[in-house]
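As the structure is a prediction and not an experimental result, all values here were calculated from the model. Below, chain A is the first sequence line, B the second, and so on; all start at residue 1.
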Amino acid sequence: MPLQAMRIPALAAGACAASGCRGVQSALDPAGPAAATIAQTWWLMAAGATLVLALVLALLWYTLARRQDGADFRHGTRVIVLGGLVLPTAALIALLVYGTDAGRRVMAMDEAVDLVVEVEGRQWFWTFHYLDDGGARVASTVNTLALPRGRMVEFRVSSVDVIHSFWIPRLGGKIDAIPGRTNTLRLRADLEGRMRGQCAEFCGLQHARMAFDVVSWPGERFDAWLADDARPSPTPSPPPVELPAARTPATPSQSTGTPTQ
Amino acid sequence: MTSAAHADTPQARLSALHRIWRNAPGFVGQLTAVNHTTVGLRFIFTGFAFLLVGGLLSMFIRLQLAWPGNQVLDPALYNQFVTMHGTTMMFLFAVPIMEGFAMYLIPKMLGTRDLPFPRASALGYWCYLFGGIFLYSSFLFGGAPDAGWFMYVPLSDSTYTPGLSADFWLIGVTFAEIAAVTAAVELIVAILITRAPGMGIQRMPLFAWYILVTAFMIAFGFPPLIMASVLLEIERAFGFAFFEVARGGDPLLWQHLFWLFGHPEVYIIFLPAAGVVSTLIPTFARRAAVGYTWIVLAIIATGFLSFGLWVHHMFAVGIPLLSLSFFSAASMMVAIPMGIQLFSWLATLWSGKPWIRVPMLYLIGFFFIFVLGGLTGVMLALVPFDWQVHDTHFVVAHLHYVIIGGLLFPLFAGLYYWLPLMSGRMPSESLSRTGFWLVFIGFNLTFLPMHLTGLLGLPRRVYTYSPELGVSWLNLLSTAAGFVLAVGIIAILIDVALCIRHGRRGPPNPWQAGSLEWAVPVPVPPYNFASIPTVASGYPLWDDAAVAARSADTDGLLADARDGRRELLGTGLLSAAPEQVIRISHSTWVPLLTALTIGALLACFIAKLYLLAALAVLPLLALVGTWLWTTGDRHAPAQVEVAPGVRLPTQASAPNAPGWWALVVSLLIDGSLFASLVFAYFYLWLGAPAWPPPSSEAGGWLIPAVAVALLVASEPAMRWALHSGDRGFPMRLRAGLLLAAVLGTAFLVLHGLALEATVGAPQTHAYASVVWTLAGFHGVHLLVGVLIAVFVWARSRAGYVDATRRLEPRIAAAYWRYAVAQGVIAWTVIHVFPRLAS
């Protein structure tokens with residue numbers, strides 16, 4: 001099912017990959033249904049916007065370049081009503097209807113949830129707590145997120161200090177981590193492999209370094225890890241502190257049960 | 001004051017006008033100047049200076065981002081540069097520079113001599129300059145603000161940003177914003193009551209409509225930010241609790257208040273530039289704008305709609321999708337009035353005979369860049385798409401396309417267009433085009449790639465990024481092209497300066513435009529028009545070839561300045577029929593001294609010298625008192641002869657006096673400020689489990705009820721005072737003023753005691769903080785009302801006020817009524833609502 005739904009964006013992504021849209025943190029290289037829906041929306045809107053821009057520029061060119069000994073143009077009001085009122089209204093209504101439907105699909109509120117992960121943002125690292133069916137924490141990781149492929153994961157996101165934002169572009173949109181609130185985000189990874197997420201709300205000195213790795217494993221391997229190797233930790237491990245400017249930022253930190261490739 | 005008996009020749013009249021209207025000589029003249037031409041140019045010049053400073057910051061930002069792992073700026077300095085770049089461009093460049101254009105052009109376009117409150121314009125300029133200096137001085141006192149130009153809490157509160165950097169932002173920006181507020185009052189009143197006779201509102205220049213709507217947007221849109229800044233500052237300085245979760249506050253309250261300002265702000269920036277476009281297109285199409293009424297409706301619709309969009313900056317905070325859909329729809333809808341304007345411009349060009357000169361070249365650039373930016377704006381309005389690109393470089397690309405396309409290109413077009421008016425010289429058709437191409441190509445190569453880097457996962461405000469993202473080469477391109485853009489902007493400014501000094505001299509009205517500012521002789525005299533023109537069409541210079549010559553003659557309206565005073569003609573709001581003679585201020589030290597005193601007060605405050613800051617209020621009151629005491633003209637006759645046989649009242653006796661309308665607009669602004677505070681109260685209530693919280697009690701009824709009864713009783717006292725004054729009983733007027741003042745003061749004391757006993761210290765909980773702030777806000781307003789009442793009492797004693805010159809008691813009574821109404825609302829919110837809600 002997921003593969004079929006991803007056919008059109010897959011085509012676009014194929015074209016896009018040739019021109020370099022692939023990337024571990026690319027919204028144009030979707031690895032899940034939410035990101036695929038949004039990427040499709042982007043390609044449609046980009047095409048529409050290009051058409052509108054071309055139309056406006058063509059009109060501008062025409063009005064400036066035409067011979068001025070032609071007949072007087074007396075249809076100014078018609079141009080204003082058609083171009084300024086009718087055309088935008090029709091296009092925007094269509095876009096709004098499409099967008100509202102896309103938004104509902106992306107939120108996936110009607111789908112069943114297979115796994116719940118609590119996300120804690122703090123300056124400047126992420127802690128993930130994996131919950132069992134009873135709501136108890138059975139595993140915790142820092143700066144690396146393990147996900148089971150093909151299963152709907154609900155993230156419950158909050159912050160212990162300032163506002164951060166939890167974002168995995170290849171899987172879907174972002175949700176802010178706000179102290180005193182718990183926000184919910186649902187994502188599903190349909191492809192295996194490594195992705196990257198990053199804090200997307202300015203949170204102070206090392207905001208640029210507040211990224212995290214995401215690994216998507218086959219379901220059995222994830223279950224095995226959760227059962228055997230993972231350990232819960234009641235308090236998060238200390239952050240991966242000083243990152244010298246010259247090297248690649250954010251290698252996953254070592255904590256109890258950090259998954260390895 | 002009265003001119004000595006001398007020959008009443010045209011030459012004598014002109015030299016009298018020159019003598020009365022010109023600035024004092026030398027440096028002193030520059031410091032005391034209040035004339036709109038001088039102050040407007042000053043705003044423009046200073047605005048460009050801040051553009052260069054903000055641009056310099058951005059060059060460092062681009063160098064740092066040119067390649068991953070760069071160490072051009074360390075993270076702390078980078079965050080300061082990013083914050084100051086945004087803050088400078090938004091508050092110290094974009095808004096003030098268009099204010100400057102409006103100040104310079106509006107009186108000339110409207111056919112009048114100056115703005116109605118010249119001292120307020122001058123005060124605005126000094127506050128803008130000193131506010132900018134105050135903000136930048138933070139680099140010397142521990143570091144510039146570094147929490148991003150949005151200053152989101154909790155990052156910007158005292159826990160996560162200790163030190164003074166955030167306070168420099170909150171206080172400095174508010175100081176500079178005084179300019180926006182004074183400009184709003186000034187421009188609204190100017191456009192409503194000083195238009196040339198015959199310039200009915202249905203045919204006034206489109207630029208005036210744009211500025212009118214913009215000024216109203218400033219009036220309603222700036223107060224939420226001012227209130228938010230005040231709340232955060234008293235939280236940082238005195239421990240109040242509006243945004244802190246542990247004490248019942250909510251960080252999202254800041255975001256709502258900020259964006260309630262922030263979204264109208266971008267239209268406040270764009271609309272005046274669109275006004276420039278609507279002015280230039282008819283000139284370069286050689287025909288009147290097509291769809292005048294459509295454009296006016298579109299401008300007004302934009303003004304209203306822009307206040308309903310703010311949540312589109314908050315799509316990722318966790319608000320339910322249904323609410324987001326409303327804001328998404330509204331954000332898309334605002335594209336429609338934009339489209340109407342766009343197609344009006346196209347229809348005008350289509351219906352006319354276009355010709356391309358340097359200003360038109362910039363408008364072509366505007367069409368390309370702004371339309372592209374508007375289209376990405378529509379994309380961002382789509383909620384799921386925004387969830388991906390919110391807070392990424394995609395948004396950085398969008399905002400630069402709409403601001404540089406929508407503001408900077410029309411600004412440069414206007415600069416070259418009005419250059420001949422200001423200097424008498426023409427832009428160079430060959431050299432001046434080089435700057436355009438540098439900026440156009442440099443801009444697009446810098447910012448177009450950012451749409452892609454954002455989609456590839458590059459967030460905003462990052463000092464570096466991982467090479468894994470694959471955005472390294474695109475960033476290098478943006479940096480290189482950024483230098484081209486910078487060189488282009490500098491080239492334009494140098495080119496403009498050179499044209500002013502050495503450009504080819506041009507004829508009067510070289511673009512053969514139709515609007516009145518081109519009827520002003522060059523070099524521009526300080527009084528604009530020797531005789532106030534009368535107009536009969538929307539393009540006076542096209543339909544009446546002699547209007548320029550007639551307004552340079554000295555036998556028309558107000559040409560005889562026999563009393564030696566600066567005079568404007570006041571006309572009716574809609575029809576522009578002559579109604580009054582407005583006497584305005586000559587050059588004076590008061591605005592500069594007032595701005596310096598405010599600066600000293602704020603410096604003491606930020607240095608935590610609170611007693612000294614409180615003492616600084618005294619010289620401030622003295623200056624304001626001097627200002628008000630010298631308003632109007634004590635010896636003004638009840639009527640002035642504006643032309644042989646035509647006599648009009650002076651403003652003290654006129655129903656549409658500028659002072660009256662200034663009060664109305666000021667109360668709209670203040671009402672918006674109060675509404676923001678009431679919004680904060682109800683927003684905090686919505687998020688609270690118990691209201692009042694256990695740390696406060698509701699308290700008894702008796703004292704609050706007595707207090708509000710005293711307040712309400714003061715209103716009929718003030719009414720009685722006004723009516724007595726109107727019927728010629730000055731002693732009763734004075735008695736009534738003092739009675740109202742006493743009753744108001746009694747309310748303040750009693751209400752303060754009641755709150756003290758029940759609410760507890762403001763630092764305990766957000767409830768206590770917001771209740772004390774509401775009460776304190778109103779208290780300040782009531783004290784101002786008491787001061788106004790005492791002032792009018794003194795004016796009555798001194799003989800400035802009588803049954804015909806009733807403007808001042810009228811203002812005092814109207815202000816008092818507003819203060820009483822505000823007090824009743826605040827009292828109801830504080831004492832009645834919690835009981836109803838529980």
K.L.:
Decide whether B:Tyr463 and A:Gln206 meet the rule of one side-chain donor and one side-chain acceptor closer than 3.5 Å.
P.N.:
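Yes, side-chain donor-acceptor contact under 3.5 Å.
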K.L.:
Let's test your reading of the structure: which of B:Asp157, B:Val245, B:Asp391 forms the most heavy-atom pairs below 4.5 Å with chain A?
P.N.:
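Looking at each of B:Asp157, B:Val245, B:Asp391 in turn, B:Asp391 comes out on top.
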K.L.:
In sequence, state the C-alpha distance, the side-chain angles, and the governing distance for A:Glu201 and B:Tyr152, and then conclude on side-chain contact (heavy atoms from CB on, under 4.5 Å).
P.N.:
CA-CA 10 Å; A:Glu201 183 59 66; B:Tyr152 276 3; 3.5 Å; yes
K.L.:
Tell me, side chain or backbone of B:Met314 under 4.5 Å from chain A's heavy atoms, or both, or neither?
P.N.:
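B:Met314 has no heavy atom closer than 4.5 Å to chain A.
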K.L.:
So which part of B:Arg286 gets closer than 4.5 Å to some heavy atom of chain A, the side chain, the backbone, both or neither?
P.N.:
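Contact with chain A: side chain only.
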K.L.:
Looking at A:Val56, A:Leu57, A:Leu60, which hits side-chain contact (heavy atoms from CB on, under 4.5 Å) with B:Val371?
P.N.:
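The side-chain contact (heavy atoms from CB on, under 4.5 Å) with B:Val371 is passed solely by A:Val56 among A:Val56, A:Leu57, A:Leu60.
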K.L.:
Measure up the A:Trp42 and B:Phe385 rings against each other and bin them: parallel (under 30°), tilted (30 to 60°), perpendicular (over 60°).
P.N.:
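Because their plane-to-plane angle is under 30°, the rings of A:Trp42 and B:Phe385 count as parallel.
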K.L.:
Counting only non-hydrogen atoms closer than 4.5 Å, does A:Val81 touch chain B with its backbone (N, CA, C, O), its side chain (CB onward), both, or neither?
P.N.:
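The side chain, not the backbone.
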K.L.:
Pick from B:Gly374, B:Ser344, B:Gly470, B:Gly291: which one has the most heavy-atom pairs with chain A under 4.5 Å?
P.N.:
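Result: the option with the highest number of such pairs is B:Ser344.
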K.L.:
Please flag which part of B:Leu375 lies under 4.5 Å from any non-hydrogen atom of chain A: side chain, backbone, both or neither.
P.N.:
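Answer is side chain: those atoms of B:Leu375 sit under 4.5 Å from chain A.
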K.L.:
Can you check side-chain contact (heavy atoms from CB on, under 4.5 Å) on A:Arg196 and B:Leu469, steps first, answer last?
P.N.:
CA-CA 9 Å; A:Arg196 205 167 175 273; B:Leu469 261 55; 3.6 Å; yes
K.L.:
Is it the backbone or the side chain of B:Leu342 that comes under 4.5 Å from a heavy atom of chain A, or both, or neither?
P.N.:
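Only the side chain of B:Leu342 comes within 4.5 Å of chain A.
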K.L.:
By a 4.5 Å heavy-atom criterion (distance strictly below it), what part of B:Tyr160 contacts chain A: side chain, backbone, both, or neither?
P.N.:
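The side chain, not the backbone.
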K.L.:
With a 4.5 angstrom heavy-atom cut-off, which part of B:Val389 approaches chain A: side chain, backbone, both or neither?
P.N.:
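The backbone, not the side chain.
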K.L.:
What residue among A:Ile163, A:Ile175, A:Ile178 forms side-chain contact (heavy atoms from CB on, under 4.5 Å) with B:Val317?
P.N.:
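In the set A:Ile163, A:Ile175, A:Ile178, the residue that makes a side-chain contact (heavy atoms from CB on, under 4.5 Å) with B:Val317 is A:Ile178.
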K.L.:
Can you say whether A:Ala35 sits under 4.5 Å from chain B via the side chain, the backbone, both, or neither, judging by heavy atoms?
P.N.:
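Both backbone and side chain of A:Ala35 come within 4.5 Å of chain B.
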K.L.:
I'd like to know which of B:Phe284, B:Trp350, B:Trp294, B:Phe150 tops the heavy-atom pair count under 4.5 Å against chain A.
P.N.:
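So the answer, after comparing B:Phe284, B:Trp350, B:Trp294, B:Phe150, is B:Trp350.
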K.L.:
Hey, does the side chain of A:Lys174 reach the backbone of B:Ala316 with a donor-acceptor pair shorter than 3.5 angstrom?
P.N.:
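Flag not set: sc A:Lys174 to bb B:Ala316 has no pair under 3.5 Å.
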K.L.:
Is a donor on one side and an acceptor on the other found under 3.5 Å between the side chain of A:Arg104 and the backbone of B:Leu321?
P.N.:
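Side chain of A:Arg104 to backbone of B:Leu321: no pair is present.
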